[in-house]
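Below: the structure, in structure tokens.
Just so you know, these numbers come straight off a predicted model, no measurement behind them.
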Amino acid sequence: MLHLGNPRLTLGLVIGIASCLWVFHLGQPQYPLDDAYIVQHAAQGLLTGEETRFVGAKPIDGATSPIHLLLVTSLSLLLPIAWSQWVIGTLAVFAYLLGIMRLAHQSGLSPILSWLLILLSILMGLTLQQLMNGLETTLAMAAISWCLIVFRDPIPHHPARVLIGALPFVRPELGALSALLLFRWMLYAYSFGLVKNELPRVISTLVTGSAIPILFILATGGHLFPETASAKAYFFAEGCLPLGQKLTIATLSLLGFYGSLGLAAIGFAGLVISPSSRMGLGFICVFFFAFALKLPGALTHNWFRYPSLLMPFLIAGWIELLAISHGKMVLISRILLGASLLWAIIGLPKNWSEYQRGIQISRIELAGVSDWIDQNLGKEEILLIHDAGYISLKGSQPLVDLVGLKTPSSIEIHKNLTWSDCTRNPAAIDFIARRNRATYFVVLDEWDEIFHLTDALRATGWEVNRADTGRGPTHYKVYHLAPPTTISKQREL
């Protein structure tokens with residue numbers, strides 16, 4: 001019978017109450033990243049059966065995690081989409097932290113140490129920005145934590161081993177972890193002459209874990225391998241740089257992530273202790289080189305959102321260190337854990353203010369520009385955008401995503417122009433704008449400064465004039481676009 005002495009119930013109550021208090025404070029579910037609202041738009045399209053805003057797109061386009069989108073959409077049959085997203089996010093946090101609790105118990109740690117590790121998991125680095133960001137980040141962290149539990153035995157017998165088939169559909173990067181777990185499973189089976197016995201179990205496990213997400217993808221016209229990574233890779237065009245430069249960017253980015261964790265980063269050292277945790281080191285290496293080769297700078301994007309997937313391995317390392325029961329290491333590991341927690345608590349106000357700043361950008365900047373567009377632009381206007389989430393939830397104007405997350409045709413253009421030239425070729429955005437007959441451009445100042453987007457349009461003959469001057473010095477601005485003259489277009493063609 002459940003009672004407050006039950007740590008799982010206590011954990012669930014704490015997470016549930018904290019999440020409810022936060023959403024009550026906000027008034028409604030809101031998130032610090034625009035990408036979270038792409039999920040809402042995708043779910044909306046799947047429920048209505050059509051893509052309502054983006055030119056040449058399908059509702060599932062732009063969704064990196066089919067499983068996360070399926071969960072949100074399914075729950076949206078009962079609840080409003082935004083609230084469904086919040087419930088799934090809260091449950092993902094619970095699953096992640098429960099996995100840590102279970103892993104700590106599995107390693108023989110005391111309840112006090114387990115709770116301290118859970119606290120560290122919440123507070124260290126920029127984790128707060130990831131736990132309730134409306135995306136699949138925490139769901140992926142939960143999946144990893146439970147894989148560490150289920151596959152502690154190289155030949156797993158727990159029914160949750162079906163995770164190995166579902167991992168690539170939680171986040172594409174986790175396909176590498178699935179492959180490592182599968183290789184380890186078959187290697188041990190071969191070592192003990194059990195291949196004939198284990199191979200059918202492996203196949204059935206993979207099929208069972210992957211069947212539902214694959215059917216969902218096929219039914220919605222999506223891609224088995226989401227195009228979101230390719231869209232970002234071709235737009236940012238870092239993977240075309242010389243290998244040495246890419247490795248330098250990726251290394252500095254990952255060091256920045258480790259630095260954001262403070263003393264808690266020591267936990268990674270514990271991964272060398274046991275064979276099951278060393279698997280985490282293998283995944284980290286594959287993860288690093290995959291990003292270094294294709295999209296090295298992305299490791300710093302959105303408060304280190306992508307390397308935050310490594311958090312469960314960090315905690316697993318801490319568990320290995322704390323489980324050492326002999327010599328001075330017992331005292332040293334506990335002192336280091338206490339110091340890491342203190343470091344995390346000291347940095348909490350700054351990290352919390354960063355999270356709130358992200359929420360305010362959604363509540364004020366994204367909401368403000370979306371409202372202005374809805375109230376001031378005609379339904380026939382075609383908007384060129386780069387943040388494809390919040391704006392898609394208001395108004396009815398056709399939208400064109402210049403990055404390609406929600407407008408797949410942009411991917412090929414950046415591949416042929418931006419990536420092939422390995423530079424910010426103005427012809428790419430010109431081609432996208434002309435091909436889709438864009439009449440307005442919505443751009444964030446920071447993006448415009450970094451990628452020279454309005455400059456590229458002007459350089460290729462477009463007239464670019466701010467249309468929402470009445471809103472003052474906002475971060476997001478709306479520009480009216482007038483295409484190049486017929487003569488200039490003929491000359492370019």
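- Rounded to the nearest 0.5 angstrom, Tyr37 OH and Asp387 CG are separated by 12.0 Å.
- Judged by distance alone, with hydrogens and angles left aside, the side-chain atoms of Gln30 form no donor-acceptor pair with the main-chain N or O of Gln360 at under 3.5 Å.
- Between Lys246 and Glu238 there is no salt bridge, since no side-chain nitrogen of the basic residue lies less than 4.0 Å from a carboxylate oxygen of the acidic one.
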Next item on the list: Could you walk me through whether Leu299 and Phe257 pass the side chain to side chain contact (heavy atoms under 4.5 Å, CB included) test, one step at a time?
Entry: CA-CA 8 Å; Leu299 292 171; Phe257 168 65; over 6 Å; no
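- Under a 3.5 Å cut-off, the side chain of Arg161 and the backbone N or O of Arg201 do not form any donor-acceptor pair.
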Checklist line | CA sep, side-chain torsions, deciding dist, call: Thr418, Asn425, side-chain hydrogen bond (donor to acceptor under 3.5 Å, both in side chains) | finding: CA-CA 5 Å; Thr418 310; Asn425 188 338; over 6 Å; no
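- Although no hydrogens or angles enter the test, the distance criterion places no donor-acceptor pair under 3.5 Å between the side chain of Thr474 and the main chain of Arg471.
- Proximity of Pro154 to Trp185: side-chain heavy atoms (C-beta onward) are nowhere separated by under 4.5 Å.
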Note to self: Using side chain to side chain contact (heavy atoms under 4.5 Å, CB included), reason through Leu271 and Glu320 one step at a time and then give a plain yes or no.
What the structure shows: CA-CA 7 Å; Leu271 293 177; Glu320 294 286 357; 5.8 Å; no
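- At least one side-chain heavy atom of Pro226 sits less than 4.5 Å from a side-chain heavy atom of Pro172.
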Check: Are Phe169 and Ser65 close enough, and set up right, to give a side chain to side chain contact (heavy atoms under 4.5 Å, CB included), and what steps lead you there?
Finding: CA-CA 6 Å; Phe169 305 101; Ser65 174; over 6 Å; no
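- Checked by atom type and distance alone, the side chain of His386 never pairs as donor or acceptor with a backbone atom of Asp401 at under 3.5 Å.
- When Thr228, Asp35, Thr137 are each tested for a side chain to side chain donor-acceptor pair (under 3.5 Å) with Thr64, only one passes: Thr228.
- In this structure a side-chain-to-backbone donor-acceptor pair under 3.5 Å is present from Asn351 to Gly347.
- Residues Ile38 and Tyr390 form no side-chain contact, since every pair of their non-hydrogen atoms from C-beta on lies 4.5 Å or further apart.
- For the pair Tyr31/Asn133, no side-chain contact is recorded, criterion being any heavy-atom separation below 4.5 Å from C-beta on.
- Using bins of under 30°, 30° to 60° and over 60° for the plane-to-plane angle, the ring pair Phe291/Tyr306 lands in the tilted bin.
- Remark: side-chain polar atoms of Ser410 are not paired, donor with acceptor, to backbone N or O of Gly404 under 3.5 angstrom.
- For NZ of Lys415, the number of neighbouring non-hydrogen atoms (other residues, nucleotides, ligands) closer than 6.0 Å is 12 at most.
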Next item on the list: Report the C-alpha separation of Gln40 and Gln85 in whole Å, then their side-chain angles, then the decisive distance to 0.1 Å, and conclude whether the side-chain hydrogen bond (donor to acceptor under 3.5 Å, both in side chains) test is met.
Entry: CA-CA 8 Å; Gln40 292 186 23; Gln85 190 177 21; 2.7 Å; yes
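- Closest heavy-atom contact between Leu139 and Ile67: CD2-CG2, 4.2 Å.
- In summary, Arg305 and Glu136 engage in a salt bridge, as defined by a charged side-chain N under 4.0 Å from a carboxylate O.
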Next item on the list: Start with the C-alpha distance between Thr300 and Leu252, add both sets of side-chain angles, then the distance that settles side chain to side chain contact (heavy atoms under 4.5 Å, CB included), and finish with yes or no.
Entry: CA-CA 9 Å; Thr300 65; Leu252 292 175; over 6 Å; no
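- Inter-residue side-chain proximity for Arg424 and His452 is flagged as unmet; no heavy-atom pair is nearer than 4.5 Å.
- Other residues, nucleotides and ligands place more than 12 heavy atoms under 6.0 Å from the CG atom of Leu21.
- Although no hydrogens or angles enter the test, the distance criterion places a donor-acceptor pair under 3.5 Å between the side chain of Ser145 and the main chain of Ala142.
- The shortest distance between side-chain heavy atoms of Ile319 and Leu117 falls below 4.5 Å.
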Could you pull out all donor-acceptor pairs under 3.5 Å where a side-chain atom in residues 102-111 meets a protein atom, sequence neighbours excluded?
| unit_1 | atom_1 | unit_2 | atom_2 | d |
| --- | --- | --- | --- | --- |
| Ser107 | OG | Leu103 | O | 3.2 |
| Ser107 | OG | Arg152 | NH1 | 3.4 |
| Ser107 | OG | Arg152 | NH2 | 3.4 |
| Ser110 | OG | Leu113 | N | 3.3 |

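- Looking only at side-chain heavy atoms (C-beta outward), Leu182 and Leu206 come within less than 4.5 Å of each other.
- Taking the six-membered ring for Trp and thresholds of 30 and 60 degrees, Trp83 and Trp86 have ring planes more than 60 degrees apart, a perpendicular arrangement.
- When atom types are taken as modelled, the side chain of Asp421 and the backbone of Thr423 share no donor-acceptor pair closer than 3.5 angstrom.
- The closest donor-acceptor contact from the side chain of Glu198 to the backbone of Ala189 lies at 3.5 Å or more, if one exists at all.
- In this structure, the ring of Phe268 has its center no less than 6.0 angstrom from the ring center of Phe313.
- For Asp34 (side chain) and Gly389 (main-chain N/O), a donor-acceptor pair under 3.5 Å exists by modelled atom type.
- Residue Ile359 places its CD1 atom among more than 12 non-hydrogen atoms of other residues, nucleotides or ligands, all under 6.0 Å distant.
- Residue-environment remark: NE2 (His475) stays at or below the threshold of 12 foreign heavy atoms within 6.0 Å.
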For residues 333-346, which side-chain donor-acceptor pairs fall under 3.5 Å, sequence neighbours excluded?
| unit_1 | atom_1 | unit_2 | atom_2 | d |
| --- | --- | --- | --- | --- |
| Ser333 | OG | Met329 | O | 2.9 |
| Ser333 | OG | Val330 | O | 3.0 |
| Arg334 | NH1 | Val330 | O | 3.1 |
| Arg334 | NH2 | Leu322 | O | 3.4 |
| Ser340 | OG | Leu263 | O | 3.4 |
| Ser340 | OG | Leu336 | O | 2.8 |

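- Evaluated for a ring-ring contact (aromatic ring centres under 6.0 Å, His included) with His414, the options Trp419, Phe451, Phe235 yield exactly one hit, Phe235.
- A 4.5 Å side-chain heavy-atom check between Ile324 and His326 finds at least one atom pair inside the cut-off.
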